[in-house]
Visitor: 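Below: one structure in structure tokens.
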Amino acid sequence: MSDTTASTVTLDHGVTMPTIGFGTAHLTDETAAQAVGEAFAAGYRKVDTATAYTNETGVGRAIARSGLPRDEVFVTTKVWNNDQGRDAVRPALQASLERLALDHVDLYLLHWPAPALGLFIETYKVLEQLRDEGLTRAIGVSNFQPHHLRQLLPATTVTPAVNQIELHPYLQQRELRALHAKLGIVTEAWSPLGQGSLVDDPILREIAQRRGLTLAQVALAWHLQHGTAVIPRSQDPARMRANLATLDVGGLHDADLCAIDNLDRDHRLGPHPDEFDG
Ligand SMILES: NC(=O)c1ccc[n+]([C@@H]2O[C@H](COP(=O)([O-])OP(=O)(O)OC[C@H]3O[C@@H](n4cnc5c(N)ncnc54)[C@H](OP(=O)(O)O)[C@@H]3O)[C@@H](O)[C@H]2O)c1
């Protein structure tokens with residue numbers, strides 16, 4: 001049995017990031033304020049939002065209401081495709097900070113490479129400046145494929161701390177994860193539960209029943225044991241707590257990890273990063 005269910009991972013410059021965070025896609029300002037507040041009460045200390053989710057105001061409200069010291073909450077947001085480019089990125093982050101009612105975020109991600117725009121390198125260079133100025137403690141990318149990273153790295157100076165990608169047992173992105181490991185980039189899984197599409201999987205169900213876990217805990221434990229950070233979303237406080245409690249399940253057996261590795265079927269739920277420019 002591998003024991004890799006660490007509750008935090010260290011990014012560049014010693015920035016510490018919780019391995020399990022709370023996702024907020026599809027939540028409105030109102031539902032995000034409610035759900036993020038419940039997530040904090042359940043023990044989450046990382047929240048993932050984006051300009052594109054149009055809920056940063058609600059997330060900011062939950063942070064303020066929580067009363068948690070700023071340095072105990074890890075906040076990720078992302079620059080949207082239509083804010084890429086030399087002049088638009090800084091105002092985009094400033095607008096996000098205003099909505100979040102914060103003076104800095106912990107991780108600022110370039111949301112999509114959007115290769116058709118041809119702007120991701122110059123956009124990332126602005127992220128480097130924003131990090132130097134303390135408006136974000138760490139920077140990274142999202143939805144980058146190996147060839148996007150191979151274009152980005154020689155043209156920039158700061159290796160992305162994180163690449164947040166679609167990742168679940170049905171889309172395992174092995175080549176990309178191996179490249180992250182080589183480059184020291186933390187893999188963070190979006191849709192780590194496959195947006196609910198894993199519920200009927202007989203392999204996951206059998207492991208869950210045998211181990212006395214929920215199916216979601218089995219999926220999340222698989223991610224964590226592969227060294228992947230996760231940001232599951234739920235509007236149900238009991239599920240929020242159960243998902244976070246994956247940190248306490250003690251790890252999956254190697255044979256079970258292997259059985260889940262064999263579920264890969266290259267099944268994407270979201271758009272392909274080469275094709276999406278939003
Ligand atoms: N960078 C990107 O391009 C990108 C793209 C998509 C998403 N994301 C981020 O990744 C986060 C997570 O992805 P996601 O929201 O697409 O999907 P997800 O977390 O894989 O799945 C969310 C769904 O799973 C259900 N669920 C959660 N916990 C459960 C449990 N224990 N048992 C059964 N069902 C459970 C939720 O329903 P209930 O609410 O009813 O529990 C919800 O319908 C997003 O919220 C967002 O922050 C990033």
Side-chain angles (χ1 to χ4, degrees), residues 17-28 31-32 34-36 38-39 42 44 46-56 58-59 62 74-81 84 96 100 105 107-114 120 139-145 148 160 162-171 173 176 186-201 204-205 208 213-223 228-247 249 267-278:
M17 180 177 89
T19 48
I20 301 189
F22 186 73
T24 67
H26 310 298
L27 302 182
T28 62
T31 55
Q34 169 84 13
V36 174
E38 286 166 347
Y44 289 80
K46 175 171 74 170
V47 57
D48 181 84
T49 182
T51 298
Y53 303 166
T54 63
N55 63 18
E56 290 169 311
V59 170
F74 190 101
V75 182
T76 303
T77 194
K78 316 183 189 88
V79 59
W80 188 236
N81 299 341
Q84 285 206 34
S96 286
L100 287 160
V105 288
L107 180 62
Y108 197 42
L109 300 178
L110 205 172
H111 204 148
W112 288 87
F120 68 71
I139 57 174
V141 294
S142 176
N143 298 302
F144 272 48
Q145 291 286 289
H148 302 128
V162 168
N163 187 10
Q164 185 184 107
I165 56 169
E166 181 181 343
L167 186 64
H168 41 75
Y170 294 164
L171 179 73
Q173 309 229 46
L176 185 51
V186 172
T187 304
E188 184 167 66
W190 65 254
S191 296
L193 300 173
Q195 298 173 7
S197 67
L198 307 172
V199 288
D200 294 324
D201 189 274
L204 295 173
R205 183 166 298 283
L213 303 172
T214 69
L215 189 144
Q217 286 174 328
V218 172
L220 294 174
W222 171 82
H223 283 289
T228 300
V230 292
I231 42 172
R233 164 179 57 95
S234 178
Q235 285 181 265
D236 178 311
R239 288 178 180 168
M240 290 176 191
R241 285 193 294 276
N243 292 346
L244 189 59
T246 305
L247 288 170
V249 307
H267 179 65
R268 242 175 231 288
L269 299 165
H272 194 288
D274 276 334
E275 288 151 18
F276 185 67
D277 57 16

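One-based numbering along the sequence shown. As the structure lists them, so they are numbered: ligands from 1, and atoms in each ligand from 1.
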Visitor: For residues Thr31 and Gln235, is any side-chain donor paired with an opposing acceptor at under 3.5 Å?
Guide: no
Visitor: When you measure from the side chain of Lys78 to the backbone of Tyr108, do you find a donor-acceptor pair of N or O atoms at a distance under 3.5 Å?
Guide: no
Visitor: Pairwise, report which nitrogen or oxygen atoms of ligand 1 are under 3.5 angstrom from protein nitrogen or oxygen atoms, and how far apart they are.
Guide:
| from | atom 1 | to | atom 2 | distance (Å) |
| --- | --- | --- | --- | --- |
| ligand 1 | 1 (N) | Ser142 | OG | 2.9 |
| ligand 1 | 1 (N) | Gln164 | OE1 | 2.8 |
| ligand 1 | 3 (O) | His111 | NE2 | 3.2 |
| ligand 1 | 3 (O) | Asn143 | ND2 | 2.9 |
| ligand 1 | 3 (O) | Trp190 | NE1 | 3.4 |
| ligand 1 | 8 (N) | Tyr53 | OH | 3.2 |
| ligand 1 | 13 (O) | Ser191 | N | 3.0 |
| ligand 1 | 15 (O) | Arg233 | NE | 2.6 |
| ligand 1 | 15 (O) | Arg233 | NH2 | 3.2 |
| ligand 1 | 16 (O) | Ser191 | OG | 2.8 |
| ligand 1 | 19 (O) | Arg233 | N | 3.0 |
| ligand 1 | 20 (O) | Pro192 | N | 3.4 |
| ligand 1 | 20 (O) | Leu193 | N | 2.9 |
| ligand 1 | 20 (O) | Gly194 | N | 3.3 |
| ligand 1 | 20 (O) | Gln195 | N | 3.1 |
| ligand 1 | 28 (N) | Asn243 | ND2 | 3.0 |
| ligand 1 | 31 (N) | Asn243 | OD1 | 2.9 |
| ligand 1 | 39 (O) | Gln235 | N | 2.8 |
| ligand 1 | 40 (O) | Arg239 | NH1 | 2.8 |
| ligand 1 | 41 (O) | Ser234 | OG | 2.6 |
| ligand 1 | 41 (O) | Arg239 | NH1 | 2.8 |
| ligand 1 | 45 (O) | Thr24 | N | 3.1 |
| ligand 1 | 45 (O) | Ala25 | N | 2.9 |
| ligand 1 | 47 (O) | Thr24 | N | 3.2 |
| ligand 1 | 47 (O) | Asp48 | OD2 | 2.7 |

Visitor: With no hydrogens and no angle check, do the side chains of Thr51 and Ser96 hold a donor and an acceptor under 3.5 Å apart?
Guide: yes
Visitor: Please name the pair of heavy atoms, one in Pro18 and one in Lys46, separated by the smallest distance, quoted to 0.1 Å.
Guide: O-NZ, 3.0 Å
Visitor: Suppose we screen for side-chain hydrogen bond (donor to acceptor under 3.5 Å, both in side chains). Which residues come up paired with Gln84, at least two apart in sequence or across chains?
Guide: Thr123
Visitor: Is the closest side-chain heavy-atom distance between Tyr44 and Glu38 below 4.5 Å?
Guide: no
